[in-house]
Each structure stands twice: as C-alpha cells, then as structure tokens.
Amino acid sequence: MAGRVPSLLVLLVFPSSCLAFRSPLSVFKRFKETTRPFSNECLGTTRPVVPIDSSDFALDIRMPGVTPKQSDTYFCMSMRIPVDEEAFVIDFKPRASMDTVHHMLLFGCNMPSSTGSYWFCDEGTCTDKANILYAWARNAPPTRLPKGVGFRVGGETGSKYFVLQVHYGDISAFRDNNKDCSGVSLHLTRLPQPLIAGMYLMMSVDTVIPAGEKVVNSDISCHYKNYPMHVFAYRVHTHHLGKVVSGYRVRNGQWTLIGRQSPQLPQAFYPVEHPVDVSFGDLLAARCVFTGEGRTEATHIGGTSSDEMCNLYIMYYMEAKHAVSFMTCTQNVAPDMFRTIPPEANIPIPVKSDMVMMHEHHKETEYKDKIPLLQQPKREEEVLDQGDFYSLLSKLLGEREDVVHVHKYNPTEKAESESDLVAEIANVVQKKDLGRSDAREGAEHERGNAILVRDRIHKFHRLVSTLRPPESRVFSLQQPPPGEGTWEPEHTGDFHMEEALDWPGVYLLPGQVSGVALDPKNNLVIFHRGDHVWDGNSFDSKFVYQQIGLGPIEEDTILVIDPNNAAVLQSSGKNLFYLPHGLSIDKDGNYWVTDVALHQVFKLDPNNKEGPVLILGRSMQPGSDQNHFCQPTDVAVDPGTGAIYVSDGYCNSRIVQFSPSGKFITQWGEESSGSSPLPGQFTVPHSLALVPPLGQLCVADRENGQIQCFKTDTKEFVREIKHSSFGRNVFAISYIPGLLFAVNGKPHFGDQEPVQGFVMNFSNGEIIDIFKPVRKHFDMPHDIVASEDGTVYIGDAHTNTVWKFTLTEKLEHRSVKKAGIEVQEIKDSEHKLETSSGRVLGRFRGKGSGGLNLGNFFASRKGYSRKGFDRLSTEGSDQEKEDDGSESEEEYSAPLPALAPSSS
C-alpha cells in the first residue's frame, strides 16, 4: 500500500446489459490513438491490445520505461479501457520481478489523477473513488478467476480506466539508469459472465500499537447486509510488525475460516481452502496480530513504512443481477465476539528469514536510524527464530516444566485432545511473546539454531505422543513359512514426521491433485485435473462420462517439479485426459496413469511427445471384462518382472494383472458385502504399493478402511492391516523398506478420527507415528509417496495442495528373525532413513509431489448441487457419505451455488 493513496472506498453497481459485438480490429484502431510510446528497452509492449478471437482480447498494462531515482518510489500510470460496451476481466498475469518491484496494485476508476504517461502516486491515483481489481508482490503467481466469473468494466456505469500503481522499494537495479516496464496483462471478454467478481476490503483505521508491547490485536467486524457472495480468494497486508492475519465468517456463533496467512509471505491472492458463502445477517470478522517490540514510540495506522496497516482483501463472486463490485468494513461492531475466536488466529505462521518480504525496508532503515531498537540480552530460548511456530512450542516446553511434567508422567491428568494443547499454546503466546523477525547472521549461528529447534521439536512430539490414547487395533499377521523367509528391516522407536516448512510448493496450487510420484532422478511429479472437476454431474448411473463436450484438459496435467524449490522443470499431458486419477513411475521412468472418465490406463514415455506408448481399456466405455475397466484408480509395475497391476476401481472391485506388453494375465477380488469384508473383498481399491523384498502387493481398500496384502505370484492373501485411528477410509499407501505410509479420509458424521498421515512398521503393522501439516490442513489427501530418504509428499484433491514432510528417526534399527535365521542387532543414533534397496524402490515406484501455479485452482458448473448423488457415480466421487444423507464430493475446487438462497 502506498503513501497518500486515496481511501479505497467505493460501491459500484453495474446493471446487466446486452453486449454489442465489435471487431477486434476496430477496438485496436480506436485504442491506437491513445497509446503512448514506450522505451526501446521495453520489448513486447508496443501492442497493448492483442485480439484473441471475435469476443476476447488481451490488454498489456505496463510502465512506459521508467527509472525511479530513490527508494520507495510509487509510480502510477493509466490506460483507458479500449471498449465502449461492457467487458469482463477473466485473467491476470503479472509482468514483474521482485528484483525490481516491491508490489503492484491495479485499480478501476472513471478518471485518473493525471493524464500524463505516468506520475508520482503521491499526487493521487484517481480523481474519483477507485476499486481494487488485482494485487501482486514478491513473485506471486498468476491469478485466474473461476470459470464464468469476471470483473465487470466499461459500459455506461463501469470503470473507464485502469490505473496501475507500482512500488519500487530497492532501486539498486536502476543504478545504471535502466528502465522498467513492469505491469500486468489482462484477458478480457465481451461475453456476459453469469457471476461477477468483486472485492471486500476489511481494514482497521484506528489501531495503535504501543511501544514494546509484545502482543497487540487489531479486530475488525461488520454485519453483512447484501445478496449472497461466494468467497474464492483472499490477500492479507500489514507492514513490518504484522505476524498473522485471519479472516472468518461468523454464523450462529460458528466461526468458518476464510483465510489465514502471514503478511511477511508473498502477498498474493491465495485461494480459500474451502468455498465460503456469506449471506445476509452473517458477520465478517478479521484479526491482525502485531508486536510492538523494538519500537520506542507508538505505531499508528498509516501509509508509510514506519506506520502499520491491517488489511484483509476478500475476493468473491455474486450473481450478475445482484453484483456489487466493491465493499468495505472499517469498524468492529462486535468486539465481545472475539473472545471466542479460534486459537489459530493468535498463532503466527512460520516464516523463514529468506522468505520474508522487504516491506518498505529503506524507510524502515531510516526509521531505525532515528529511533534505536530496544536491545536486550538474549536468553537461550530467544536464540531461535521466534517467528517460527515450533519455536513458540519450544518456549512453551522449555519454560513451563509443569506442563512437561504433567504431560509426560501423568498424561491422563492433562489435556484430552490436541485442540486443548493448541488453545494452551495460543494462551501462552498471547501472554508471553510473538518474537522478533530479525534476520540471524552467521553460518555457525544458523547451525546452532537448527540444533536447538530440532531438539525442541522432538521434545514437543514426545509430549504430543503422551496425549494420544492407546490404539485399539485389528491386526492379523501371517508370517512366511519356514524356508520362505525374506530379509525385511524392522523399525522401532521414536519417529518424528515434520512438515518441511521452508518448502514453497504448499502455497502454489495446480488443479485438483489426484496423483503424486517420484521419477528416477528423484524429481517430484504430479498428476492434476487442471480446470476439470469430478462432481455429481460427471457420470450417469451406468458410469458413462457426461461432460465430453468440455473436451480434454487443455493444459499440461503432468508436472515435473524440483523437489527443493518447487520450480517446474517439465510439463506434459495436454489435451489427453478428462479426469486424471492415479500416477506411478516405473524403474525406467515411464509414467503410468489412469483416467476415470476415459476408463483407461496409459503408459507414457516422458521423452516421447508422440503420444502414449501403451493404452489399456476402451475409451469412454466402462466394463468389467478383460478389455475394459470401470473407473480404474492406480497402477503398480513390478521392477523385476515388469508385470502390470491395475486397481479397478470405483465400479469394479478387483485387481487386474497384465504382462509387460499389456496382455491380460489374471484378476482377483470381488465387491465386499457387509461390514466385515473377507480377504480379497474390496470396496473401492484405491491405491497400490508393491513390496518387492517380500513379493507382495498391498491394496488400500478405501471404503473398508483397511490395507490388504497379497503374494504377487500366487495372489494368496497374506494379511490385513487395520487400525481404529484409520477411521472408515484409507485413501493411499506407499512403501519403502521396513515402513508403510498411509493417509486416511475425513471422518463420517459422528466419527472422531481426524484426517492424518500414518507411519507403520511394515513387519508388524504397528503405527510408529501420526502426522499432520502445520500450514493449511488435510481435507482429502488423495495420494502419498515416500522417497528413499524418508521424505514424504501428500497431494490433496480438495485443497489442490501438495505437502512435503521429512522423517527423522531416533530409534533402534535392527534386522528381525526371518526363516529361522538369527540376526545381530545394531543400534543407531538419530539419522535419516537411507537404504540401497530404498533407492531401487524410489526408482520403480516413485510417487512424488509438487505445488505450482495459482491458475486453475477453481472450476465448477452452474446449478451444481452436492446432494443426492450415488457414491460410485461421483467417486464416492472420492466422496464421503454422512449419516444425515448429505454427501461431500472430492471432485470439486469450489462449487458454484444453486440459485436458491443459501440455507446453511
């Protein structure tokens, strides 16, 4: 936010109207008269308007080759909307780099503050009131609106101008008088959009942060008194002192999260994890948490970097006939309500120092020069980066020995659930300290911090483990007969599964994530659905796909990702698939994928652009014979024999084996009957994991909430793994030597088992660890993969997110007695899991992950309803039934509402 930018309070109501179509050439001809010359250094900006087809065109809004002369310069430029009739902005693509630009804002208004080619924004942005259309900072990814949704501009009452504001924070890139042409490219259409996008700004105007105050809350709340709006994205904004910003809808006393984010992370518009509708009478609430530590004077709300801001931008859509383009909330009408705000709103989100945004850092430096920071000796606990969530837990555990003692030795006397622990942490945070975000210097200091953090994290995990009630398990283990024993490592001891908090891929989203894998180079590979979704309209009662008219997915559905920085290394799979599902990679690097709409299995060579190497099944033809599948879910390829195993699937309950060339060999399995399925009976065999050392194939029997393992040579049932903590669903499994990983599903109505990941000792099936992410939360974790070093990736089909976890073990690692052979025990210290056989498995079975562009996170269909669909026809649609008869499909990103008013 820039200094002296006029208040962004505007209410624009656009009546719907019929659009008269004009030739793109006439648009361009008219617009040429108003274009301004650009610098020679700004290549690609000489054609601001580019026709796309008879109804669509692209608009390039760029700075005209400017050179800021001092830090924290704000430049504005305007561009008249090149059509007289209504048009709709449906896509935004940033054209900027954080190397030169701190942030950009795009406004819509009727008259800019200047008619020059550009001007200092201190002179103002617009002469009238402006509404925000787009915001960008720190290399945030592109933002594509949901299908059928657009920002309405032009026409009789719409905005006549776009105004671009660019903030140049650090001008070191301009020391040689280089010129900048940063900006944003828009995709506009003249086709009327049924749903109109808008912005709801929640903003504090009177917050005061006392000097030295450890925790200061700034609360905003307003009654919503308009037609229903449907939230699909959000953006937070503070300056340097902000720790976390959270927004909620409050209905009948129930808090529903809209979005929660650290303002020190890239300030992009992030998609909501779940669709949120806001109706007349609801309350909208937001909280910004600040710290005044390090300041010697009170900090007020303002536009300079020595001031603060507390802003939550909510991006929504409404039905066109009721659309309001901009709304604001600057009050706190219900202060008492914040006594019941969820504890998460008080806990900072972990931010590594190299991810922190450079908020007006030059002005901040000037401020520090004038007002010295409070310097105090640091205790051991304060050596940690206190902006990190785990460091807060470390402080709690390190300074409150009564808590540690009670939890560790008298677990039954303490908290009964993890929510109690979270609430307690929040209480300690509020009473104690949010910590400083000062950057640490020196490699030795960094290493010391890492050791302290590791030790404290392990202490926390040991504490949490004492809170878990003993497992009640159903586990049958059939050991290999004498003479048929196989070496299989056994793991016992303390396992600590931790989210990799420095991995950026979790915030960058593809479409619905259906499969994850690792290639032979250990790169992450994901299989996603782009702008297609699996919902109640996808199949008829005979499992025939009903949305062929949409065509195949027009973007690359297979993405190869750098496992360290989430950069896209390679992509493929465009115009091939309709509803992607399973992904596996064999030892030679071939991709094996399933498509539940096509009812087919594909073998793809990533280096061959000519199409699939092998196709099994008949396109769009469900069936149960040797040549057909019915919504196949996963594939596993034996690294030794090349045998192909297919789990088939949603409407068949069988495993099918093929030769390496694709010839049918055999099948086994049948649909389970009753609540106690017999061996070989399945209800949605959903995921496969080969165990080559033992010659076994394990199947995640999803709807029966269990794992069944079979011999690959005889198809003989070996054992079942089932735990009460699985709940009713097991979605996916992954194997590395000695360990089996799994994820379950959301609990059914009335059930208590949470969605989480599991680490199990494969030899005896015992659960070693249970884990969840810190950033965001599991909704429908659809696939899981473990790599040879214990790194685990989980892809979620509801949140379109992939998480990365790392596995640290402090244990006794010993070989077990197999086939009557005694094996000497070896004790190891804390280490990462590494085995040579694991490397082989990583190459053949590799399932991996990624997290990519923000586009295509949201797609749906008009009039969509979530009720009344058959489980199998909608993937259980990876769907889950509730006892009240309602159903929740996996296969949607954010459903468009039915036209009737919301009753929920």
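In what follows, residues are counted from 1 in the order of the sequence shown.
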Whether the side chain of [X] engages the backbone of [Y] through a donor-acceptor N/O pair (distance < 3.5 Å, no angle test) should be reported.
{"X": "Thr799", "Y": "Asp779", "value": "no"}
{"X": "Gln193", "Y": "Leu191", "value": "yes"}
{"X": "Thr633", "Y": "Gly649", "value": "no"}
{"X": "Ser687", "Y": "Ala700", "value": "no"}
{"X": "His599", "Y": "Phe543", "value": "yes"}
{"X": "Asn744", "Y": "Gln756", "value": "yes"}
{"X": "Asp519", "Y": "Lys521", "value": "yes"}
{"X": "Asp701", "Y": "Thr683", "value": "yes"}
{"X": "Lys804", "Y": "Pro563", "value": "yes"}
{"X": "Asn608", "Y": "Glu610", "value": "yes"}

Please indicate whether [X] has more than 12 foreign heavy atoms, meaning atoms of other residues, nucleotides or ligands, lying under 6.0 Å from its [atom1].
{"X": "Lys609", "atom1": "NZ", "answer": "yes"}
{"X": "Lys715", "atom1": "NZ", "answer": "yes"}
{"X": "Gln546", "atom1": "CD", "answer": "yes"}

Examine Phe577 together with Phe527 and report whether their ring centres are nearer than 6.0 Å.
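Yes: the rings meet the under 6.0 Å criterion.
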Do His581 and His686 make the cut of ring centroids closer than 6.0 angstrom?
yes
To check you understand the geometry: which heavy-atom pair defines the closest contact between [X] and [Y], and what is its length?
{"X": "Trp803", "Y": "Glu499", "answer": "CD1-OE2, 3.5 Å"}
{"X": "Ser571", "Y": "Leu559", "answer": "CB-CD2, 3.5 Å"}
{"X": "Ile644", "Y": "Gly662", "answer": "CD1-N, 4.5 Å"}
{"X": "Arg618", "Y": "His628", "answer": "CG-NE2, 3.4 Å"}
{"X": "Ile526", "Y": "Pro510", "answer": "CD1-CG, 3.6 Å"}
{"X": "Ile707", "Y": "Ala742", "answer": "CD1-CB, 4.5 Å"}

Verdict with supporting geometry, Asp53 and Ser55, side-chain hydrogen bond (donor to acceptor under 3.5 Å, both in side chains):
CA-CA 5 Å; Asp53 54 31; Ser55 60; 3.3 Å; yes
Could you grab the distance from atom [atom1] of [X] to atom [atom2] of [Y], nearest 0.5 Å is fine?
{"X": "Phe629", "Y": "Gln621", "atom1": "CZ", "atom2": "CD", "result": "13.0 Å"}
{"X": "Gln681", "Y": "Ser672", "atom1": "CD", "atom2": "OG", "result": "6.0 Å"}
{"X": "Tyr645", "Y": "Leu688", "atom1": "OH", "atom2": "CG", "result": "10.5 Å"}

Residue pair [X] / [Y], side-chain heavy-atom distance below 4.5 Å:
{"X": "Met780", "Y": "Asp796", "answer": "yes"}
{"X": "Pro622", "Y": "Val544", "answer": "yes"}
{"X": "Leu579", "Y": "Phe539", "answer": "yes"}
{"X": "Phe664", "Y": "Leu616", "answer": "no"}
{"X": "Val560", "Y": "Tyr591", "answer": "yes"}
{"X": "Tyr793", "Y": "Leu518", "answer": "yes"}
{"X": "His528", "Y": "Asn800", "answer": "no"}
{"X": "Phe151", "Y": "Tyr134", "answer": "no"}

Assign the ring pair Tyr234 / Tyr270 to parallel, tilted or perpendicular, where the plane angle (0 to 90°) is split at 30° and 60°.
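Correct class here is tilted.
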Asn729 and Glu703: side-chain hydrogen bond (donor to acceptor under 3.5 Å, both in side chains), yes or no, with the steps?
CA-CA 5 Å; Asn729 302 111; Glu703 296 302 303; 3.2 Å; yes
